[in-house]
Amino acid sequence: MENYKSLIGHLPVADHAIGTKLATWEKYQESHPEIWNIIQSIFSGEQDVKLRRQDLKDIADTQDYKKLIISTILWGYSSGMRGNNFSKIIKKLPEIASLLKCASQGIDDWETHYNKVKEISGLGLSTYSKFLYFVGGKIEGHEPLILDIRVIEAINTGIYKEFAGMKRITYTNAPNLYPEYLKIMNDFALSSECTAAQVEMFLFMFGQNLKQHT
């Protein structure tokens with residue numbers, strides 16, 4: 001990533017926005033009225049909404065974790081979640097909110113914390129790391145970051161030497177490697193005058209679309 005330090009340092013992370021339509025979520029109106037009320041509050045009477053990363057950070061700051069969970073899903077899965085994962089997650093909303101409240105104070109033992117997450121059907125690291133990123137509590141001393149399949153595939157291109165010492169990461173073993181991923185990303189940010197979130201956004205947006213030149 002060394003060759004792209006200048007680009008990374010200029011990425012507008014806070015303004016990274018994704019839009020979604022109210023019609024995508026209307027099917028939950030009757031089955032989950034409480035969730036529908038939260039969704040309506042996010043849309044504020046409009047048929048479309050565009051959420052920025054900073055908007056979600058601001059919601060996290062209010063400690064309204066239920067609203068944060070729903071808002072993050074709308075942002076991260078703008079066309080809807082696969083299968084019935086959304087229904088599974090919202091059934092466990094209080095448990096997830098409780099985990100995030102703990103995470104906001106920092107997580108010293110990632111393995112113990114994530115073992116509780118694994119008990120929640122439909123909630124994988126791709127989604128949970130998004131929640132953690134917006135909540136912001138450090139994980140084993142490092143700033144939390146999103147780790148989803150696009151970032152994983154970018155790492156596995158082999159282009160980025162910073163990850164050379166990491167065991168090949170897959171969606172299955174990603175939870176075990178998450179603290180190591182955070183350390184690599186945060187260390188690069190410290191040495192490159194950028195933020196760790198900018199590094200993650202770079203991998204997400206450009207990571208698979210670059211070819212190493214000679």
Side-chain angles (χ1 to χ4, degrees), residues 1-2 4-5 7-14 16 53-65 68-69 71-72 75-76 95-120 123-156 159-205 207:
M1 295 184 288
E2 192 76 20
Y4 307 107
K5 283 198 298 186
L7 168 64
I8 294 170
H10 286 89
L11 290 176
V13 173
H16 176 212
R53 289 197 185 203
Q54 188 58 50
D55 296 331
L56 300 179
K57 288 276 189 182
D58 291 344
I59 294 171
D61 288 343
T62 70
Q63 298 184 8
D64 186 344
Y65 295 118
L68 175 66
I69 291 164
S71 300
T72 302
W75 177 81
E95 291 89 338
I96 301 170
S98 178
L99 285 169
L100 294 179
K101 184 177 181 180
C102 293
S104 70
Q105 304 301 311
I107 298 170
D108 294 326
D109 184 341
W110 167 249
E111 183 178 359
T112 298
H113 181 87
Y114 197 73
N115 279 339
K116 297 174 183 176
V117 178
K118 288 193 293 187
E119 295 174 2
I120 300 171
L123 181 60
L125 183 64
S126 177
T127 303
Y128 194 67
S129 66
K130 292 177 175 70
F131 300 155
L132 293 175
Y133 165 69
F134 292 119
V135 167
K138 290 191 174 181
I139 297 172
E140 298 188 1
H142 299 294
E143 177 188 342
L145 298 167
I146 298 169
L147 180 56
D148 60 14
I149 193 65
R150 280 181 61 170
V151 175
I152 288 170
E153 289 175 353
I155 292 170
N156 285 334
I159 295 172
Y160 309 106
K161 63 182 181 183
E162 292 79 10
F163 297 98
M166 180 188 276
K167 177 184 175 184
R168 182 173 175 82
I169 189 168
T170 65
Y171 195 76
T172 303
N173 69 13
N176 297 332
L177 296 175
Y178 187 60
E180 185 179 354
Y181 160 76
L182 295 182
K183 182 179 188 307
I184 291 170
M185 298 284 274
N186 280 271
D187 285 352
F188 179 83
L190 280 172
S191 66
S192 304
E193 299 182 358
C194 62
T195 68
Q198 285 176 316
V199 185
E200 174 266 307
M201 186 174 168
F202 166 78
L203 289 175
F204 178 81
M205 297 190 74

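For clarity, every value in this text was computed on a predicted model and none was experimentally measured.
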S.K.: What distance separates M185 CE from E162 CD, expressed to the nearest 0.5 Å?
M.R.: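 Taking CE in M185 and CD in E162, the distance rounds to 10.0 Å.
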S.K.: Mind telling me whether Y178 and W110 have parallel, tilted or perpendicular rings, with 30° and 60° as the class edges?
M.R.: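 Ring orientation of W110 relative to Y178: tilted.
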S.K.: What residue pairs, at least two apart or across chains, pass salt bridge (charged side-chain N to carboxylate O under 4.0 Å, His left out) with a residue in residues 100-110?
M.R.: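 Those involving residues 100-110 do not exist here.
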S.K.: Looking only at heavy atoms, what is the nearest atom pair of A196 and N186, with distance?
M.R.: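 Taking every non-hydrogen atom into account, CB-OD1, 3.7 Å.
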S.K.: Please indicate whether E111 has more than 12 foreign heavy atoms, meaning atoms of other residues, nucleotides or ligands, lying under 6.0 Å from its CD.
M.R.: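 12 or below, so no.
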S.K.: Looking only at heavy atoms, what is the nearest atom pair of A60 and L68, with distance?
M.R.: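 The pair with the smallest heavy-atom distance is CB-CD2, 3.9 Å.
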S.K.: Examine distances only and state if a side-chain atom of Q198 and a backbone atom of T195 form a donor-acceptor pair shorter than 3.5 Å.
M.R.: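 Yes; judged by distance alone, with no hydrogens or angles, the pair exists.
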S.K.: So do the side chains of V135 and Y65 get within less than 4.5 Å of each other, counting heavy atoms only?
M.R.: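 Of all side-chain heavy-atom pairs linking Y65 with V135, at least one is under 4.5 Å.
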S.K.: Does a sphere of radius 6.0 Å around NZ in K57 hold more than 12 heavy atoms from other residues, nucleotides or ligands, not counting ones at 6.0 Å or beyond?
M.R.: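 Buried by this count: over 12 neighbours within 6.0 Å.
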S.K.: Taking the side chain as every heavy atom from C-beta outward, state whether R53 and M201 have any atom pair closer than 4.5 Å.
M.R.: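 Contact flag for R53/M201 side chains = yes.
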S.K.: Grab the two heavy atoms, one from Y160 and one from G207, that are nearest each other, plus how far apart they are.
M.R.: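 Nearest heavy atoms, Y160 then G207: OH-O, 2.8 Å.
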S.K.: Nearest 0.5 Å, please: how far is OH in Y114 from CG in L99?
M.R.: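 Those atoms lie 11.0 Å apart.
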S.K.: Please report the shortest heavy-atom distance between S126 and Y171, naming the atom on each side.
M.R.: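 Where S126 meets Y171 most closely, the heavy atoms are CB-OH, 3.4 Å.
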S.K.: Taking all atoms of both residues into account, what is the closest heavy-atom pair of E200 and Y181, and its distance?
M.R.: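 Closest approach of E200 to Y181: CG-OH, 3.7 Å.
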S.K.: Can you give each donor-acceptor pair under 3.5 Å made by side-chain atoms of residues 141-149, sequence neighbours left out, with the distance rounded to 0.1 Å?
M.R.:
unit_1	atom_1	unit_2	atom_2	d
D148	OD1	R150	N	3.3
D148	OD1	V151	N	3.1

S.K.: Measure the spacing between CG of D55 and OG of S71 and express it to the nearest 0.5 Å.
M.R.: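 Going from CG on D55 over to OG on S71, the span is 9.0 Å.
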S.K.: Residues in salt bridge (Lys or Arg N to Asp or Glu O under 4.0 Å) with D187, at least two apart?
M.R.: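 So D187 forms a salt bridge (Lys or Arg N to Asp or Glu O under 4.0 Å) with K183.
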S.K.: In sequence, state the C-alpha distance, the side-chain angles, and the governing distance for Q54 and D58, and then conclude on side chain to side chain donor-acceptor pair (under 3.5 Å).
M.R.: CA-CA 6 Å; Q54 188 58 50; D58 291 344; 2.9 Å; yes
S.K.: Is the F204 ring parallel, tilted or perpendicular to the H16 ring (thresholds 30°, 60°)?
M.R.: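 Tilted, since the angle between the ring planes falls between 30° and 60°.
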S.K.: What is the minimum heavy-atom distance between I152 and I169, and which atoms define it?
M.R.: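 In this case the closest contact between I152 and I169 is CG2-O, 3.7 Å.
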S.K.: In Å and rounded to the nearest 0.5 Å, what is the CG to CG distance from L132 to L182?
M.R.: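 L132 CG to L182 CG: 9.0 Å, rounded to 0.5 Å.
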S.K.: Please round to the nearest 0.5 Å and tell me the distance separating atom CZ of F188 and atom CE of M1.
M.R.: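 If I round to the nearest 0.5 Å, the distance is 4.5 Å.
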S.K.: Hey, could you give me the CG/CG distance between D61 and L56, rounded to the nearest 0.5 Å?
M.R.: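 Rounded to the nearest 0.5 Å, the CG-CG separation comes out at 11.0 Å.
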